[in-house]
**Student:** 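My questions all concern the structure below.
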2 protein chains.
Amino acid sequence: MARSGPKLTRIARTLGVSAATVSNALSGKGRVSAELAEKIRATAAELGYVPSLAGRALRTGRTAVLGLVLPDIANPLFPQIAQAIELAASSAGYGVLIADSRGDVTTQTKAIERLIDRDVDGMVIVPRRGTRIADVGCPVAVIDTPSTPGNTVAADHWGGGRQIAEHLRALGHRRVLVIGNNPASNVQNDRIGGIRSAFGDGAFVEILWIEPLEREQGKGCPLGLAAKVAEGFTAFACVSDLHALRALTELQRAGINVPERASVTGFDDLIWSPVVTPALTTARMDMTRIAAIAVEALVKAIGERDPADAGIGAPVTAENAEVPMQLVVRQSSAAPPATQFQPAQTIANARTTTTAKNIAPEGEHQP
Amino acid sequence: MARSGPKLTRIARTLGVSAATVSNALSGKGRVSAELAEKIRATAAELGYVPSLAGRALRTGRTAVLGLVLPDIANPLFPQIAQAIELAASSAGYGVLIADSRGDVTTQTKAIERLIDRDVDGMVIVPRRGTRIADVGCPVAVIDTPSTPGNTVAADHWGGGRQIAEHLRALGHRRVLVIGNNPASNVQNDRIGGIRSAFGDGAFVEILWIEPLEREQGKGCPLGLAAKVAEGFTAFACVSDLHALRALTELQRAGINVPERASVTGFDDLIWSPVVTPALTTARMDMTRIAAIAVEALVKAIGERDPADAGIGAPVTAENAEVPMQLVVRQSSAAPPATQFQPAQTIANARTTTTAKNIAPEGEHQP
DNA sequence: TATCGATGATTAAACGATTAATCATGCGAT
DNA sequence: ATCGCATGATTAATCGTTTAATCATCGATA
């Protein structure tokens, strides 16, 4: 749309100076006397002058727009990411253009191309599991996991896994089922790796992958967790709150009380985690910080870059590529039942005999 | 960043014609002979020509960018909306700039101003409950609810409420608790209105508002649903799947089986709805269609608008402002228990005596 | 044959900002 | 008195596209 506000020349005319001087005064680049500069800034502010991004972009080759590429917008983590990136970008003077790829790789490529065609100055990519980022011809910040080559900044998923595991371990759990979605995900593998490493040899850790299971049994199929409880598992450590929710409801539905008879933990502190019953114990990423670092690295790379060259856009790097995760202990995790090492038969019938201890760590609903 | 591709003049030079002719040929506006136009299109395609949005924007005053304003990006519905809008916009040749307002009204105003400063051609606003959209100086599509004045297009929330209610009614429910968040929300009120109207006088419908309750008792507080079951309520109709999830887990935790002893329904078919146990019965919006209509209306208004005038931007209107919702019946709703009209005392103890009927409508997990 | 009209293409002027190059001025030093 | 230099401001070109105005050409009509 057409600008409502005044143009550069209008301010110039108002003060009887040239447009160049106004531009210089506002950007602080050329040589302008202090008092004139001040006067210019004043009238610019008074008239509500906002520079035309189009004009500036045409001349400088900078659009002041970043692209945000996500593997799948439907990802429940998306709101957190988008919000954080938007905040960081806008405080740095950048706009954020979204590119959805609906989980499809070719769609993602197309989306990235559209961003390029729109002359974004840089982009933030949260890659789908295992996706290689092709050279896109502009600075790129990759948010994946610290262990992935080319990663710019990310949460310390491995460390998050360790925290979850140490928490469960301290509670007394020794037989835990880790629930993941897809073995090809770097993030999930790091989280699981962290969990395993913290449990070490003193515990039995098994992994259940949902996606392969669903390929066989259909989407939304039962995970068979009641049977796992019967086998002696006392904790279910899920790599996402989405899976934790699935596990929680499946257990509850089977009459298995959480956390008395089995603990459930998640990851990401998604929107529902604090409000379900029992509220989910989880590990949260510091998205605000991650986004700030990613955008900062991007902005720096953009600044150093010669706008004329459409060179290869290697992923940018940041000082602190690893942002620690924060353990959030709520009600879904507790000590395992005393009967935990009895034979399966006994455990399966334990329901009526076990007395529920009502523990309530970090309750958020006390007024 | 600087464009990698060739410019208009490069194509012109390649063919020995003027830049204007190339522009005319590509836009089909001026007078160009058919064969020359074809030749121009061919070489443009061959050289991979992509017009500079900046140059075009400067000349035409059109940036080909739409703004997307959401009350709160953290809203779990956001992914659906953003995805749908992005799809609709990009197929219409527009980019989507996001503006987050973190639930705050003044932040929202600032976000909108930033969009204006960036010269968006129009914007899609999903207003926070009761927010009045100030004149923003560009075409605006409002997605709220059909009964709100100024609304451009929206799901038929009232109708969705009716569908949910009719479903529950047909199952035999006569005492239902409607769970909402905030009485100030137009959307929620419409959904609830639909529910009430479909139940009519033959049933007892009570409303529970979460937000006021939480202000008293703290965030994530129990809703006291077990007591409601004891009072004879057999169904909990929530205005969002988020609340449905909360209700479901609270009931499960209290040992009340869903759907055998109480039915739970939601709204919006959020990401977790199909995978929790039991999967949630819900009413889904056709976001794709809503977004398509919103963007179409916006594009039309942009086309008719004189780029020179920065006139008042009244909300645009669309042909079909009302898009029907779709009832999705899953496992969380079933007929009420036979004991439903017995005194509370009996009902509270019914747990051990009631035999669970295992109904499985629309199961998504059969392979 | 001179003229009119239609057709097809070119010229040139924008759009709004940035910036290298230029110009004017005043002051101190030679 | 003049040169040089620093300072402060202006000129003019430029980014890439669109579009109104202009021009050239040719066939048909008066």
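Letters A, B, ... mirror the listed sequences (proteins, then strands); counts begin at 1.
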**Student:** Using whole Å, report how far CD1 of A:Ile40 lies from C1' of D:dG8.
**Tutor:**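 Rounded to whole Å, this separation is 11 Å.
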**Student:** Let me know the distance between CG of B:Asp117 and P of C:dG16, rounded to the nearest Å.
**Tutor:**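 In whole Å, C:dG16 P and B:Asp117 CG are 15 Å from each other.
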**Student:** Provide, to the nearest angstrom, the distance between the CG atom belonging to A:Leu8 and the P atom belonging to C:dT19.
**Tutor:**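 So the two atoms are 12 Å apart, to the nearest Å.
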**Student:** For the pair made of CD in A:Glu35 and P in D:dG8, what is the distance, rounded to whole Å?
**Tutor:** 8 Å
**Student:** Is any side-chain heavy atom of A:Gln108 closer than 4.5 Å to one of A:Val69?
**Tutor:**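 Touching, per the 4.5 Å side-chain cut-off.
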**Student:** Using heavy-atom distances to pick each residue's nearest nucleotide on DNA chain D, tell me which of B:Ala54 and A:Ala34 is more 5'.
**Tutor:** A:Ala34
**Student:** Between A:Asp119 and A:Thr63 (side chain of the first, backbone of the second, donor and acceptor by atom type, cut-off under 3.5 Å), is there such a pair?
**Tutor:** no
**Student:** Under 3.5 Å, is there a donor-acceptor pair linking the side chains of A:Thr21 and A:Ser18?
**Tutor:**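 A:Ser18 and A:Thr21 do have a side-chain donor-acceptor pair below 3.5 Å.
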**Student:** Treating primed atoms plus P, OP1 and OP2 as sugar-phosphate and everything else as base, which nucleotides of nucleotides 21-28 of chain D get B, S or - for protein heavy atoms under 4.0 Å?
**Tutor:** --------
**Student:** Quick check on DNA chain C: between B:Leu58 and B:Ala37, whose nearest nucleotide comes earlier from the 5' end?
**Tutor:** B:Ala37
**Student:** Please state whether the base of C:dT18 and the side chain of A:Arg59 form at least one donor-acceptor pair under 3.5 Å?
**Tutor:** yes
**Student:** What is the distance, to the nearest angstrom, from the CG atom on A:Leu15 to the P atom on D:dG8?
**Tutor:** 17 Å
**Student:** Counting only side-chain N and O atoms of B:Lys29, is one of them less than 4.0 Å from OP1 or OP2 of D:dT18?
**Tutor:** no
**Student:** When the distance from CG of B:Leu53 to P of D:dT18 is rounded to whole Å, what number comes out?
**Tutor:**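 To the nearest whole Å, that distance equals 10 Å.
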**Student:** Out of C:dA9, D:dG16, C:dA17, which has the shortest distance to the side chain of B:Val32?
**Tutor:**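 Selected nucleotide: C:dA9.
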**Student:** Under the 3.5 angstrom rule, does the side chain of B:Thr152 hit a backbone N or O of B:Val316 as a donor-acceptor pair?
**Tutor:**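 Such a contact is found between B:Thr152 side chain and B:Val316 backbone.
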**Student:** Looking at C:dT10, D:dT18, D:dG8, which one has an atom nearest to any side-chain atom of A:Ser33?
**Tutor:**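 Out of C:dT10, D:dT18, D:dG8, the nucleotide with an atom closest to A:Ser33's side chain is D:dG8.
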**Student:** Given D:dT10, D:dA9, C:dT18, which nucleotide is nearest the side-chain atoms of A:Leu36?
**Tutor:**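 Between D:dT10, D:dA9, C:dT18, the one nearest the side chain of A:Leu36 would be D:dA9.
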**Student:** Does any part of the side chain of A:Tyr49, heavy atoms only, come nearer than 4.5 Å to the side chain of A:Leu8, both counted from C-beta?
**Tutor:** yes
**Student:** Write out all pairs satisfying salt bridge (charged side-chain N to carboxylate O under 4.0 Å, His left out) with one or both partners inside residues 104-114 of chain A, taking only residues at least two apart or from two chains.
**Tutor:**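 Sorted pair list: A:Arg114-B:Glu86.
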**Student:** I need the CG-C1' distance between B:Leu26 and D:dT19, as an integer number of Å.
**Tutor:** 15 Å
**Student:** Checking side-chain contact (heavy atoms from CB on, under 4.5 Å) against A:Tyr94, which of A:Leu66, A:Val120, A:Val65 comes through?
**Tutor:**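 That would be A:Leu66.
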**Student:** Kindly say if B:Tyr49 contacts the phosphate of D:dT17, meaning a side-chain N or O under 4.0 Å from OP1 or OP2.
**Tutor:** yes
**Student:** From the list D:dT17, C:dG8, C:dT11, which nucleotide is the closest neighbour of the side chain of B:Arg56?
**Tutor:**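 Shortest atom-to-atom distance from the side chain points to D:dT17.
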**Student:** A side-chain contact here means heavy atoms from C-beta on lying under 4.5 Å apart; do B:Ser147 and B:Asn186 qualify?
**Tutor:**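 Not touching, per the 4.5 Å side-chain cut-off.
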**Student:** Nearest to the side chain of B:Thr21 - C:dT10, C:dT18, D:dG16?
**Tutor:** C:dT10
**Student:** Of the nucleotides C:dT18, D:dG16, C:dG16, which one has an atom closest to the side chain of A:Thr60?
**Tutor:**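 Selected nucleotide (nearest to the side chain): C:dT18.
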**Student:** From C:dA17, D:dG16, D:dT10, pick the nucleotide closest to the side chain of A:Ser18?
**Tutor:**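 When the side chain of A:Ser18 is considered, D:dT10 is the closest of C:dA17, D:dG16, D:dT10.
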**Student:** Could you tell me how far apart A:Asn24 (CG) and C:dG16 (P) are, to the nearest whole angstrom?
**Tutor:** 19 Å
**Student:** D:dC15, OP1 or OP2 - any side-chain N/O from B:Lys7 closer than 4.0 Å?
**Tutor:**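 It does not, given that no N or O in the side chain of B:Lys7 lies less than 4.0 Å from OP1 or OP2 of D:dC15.
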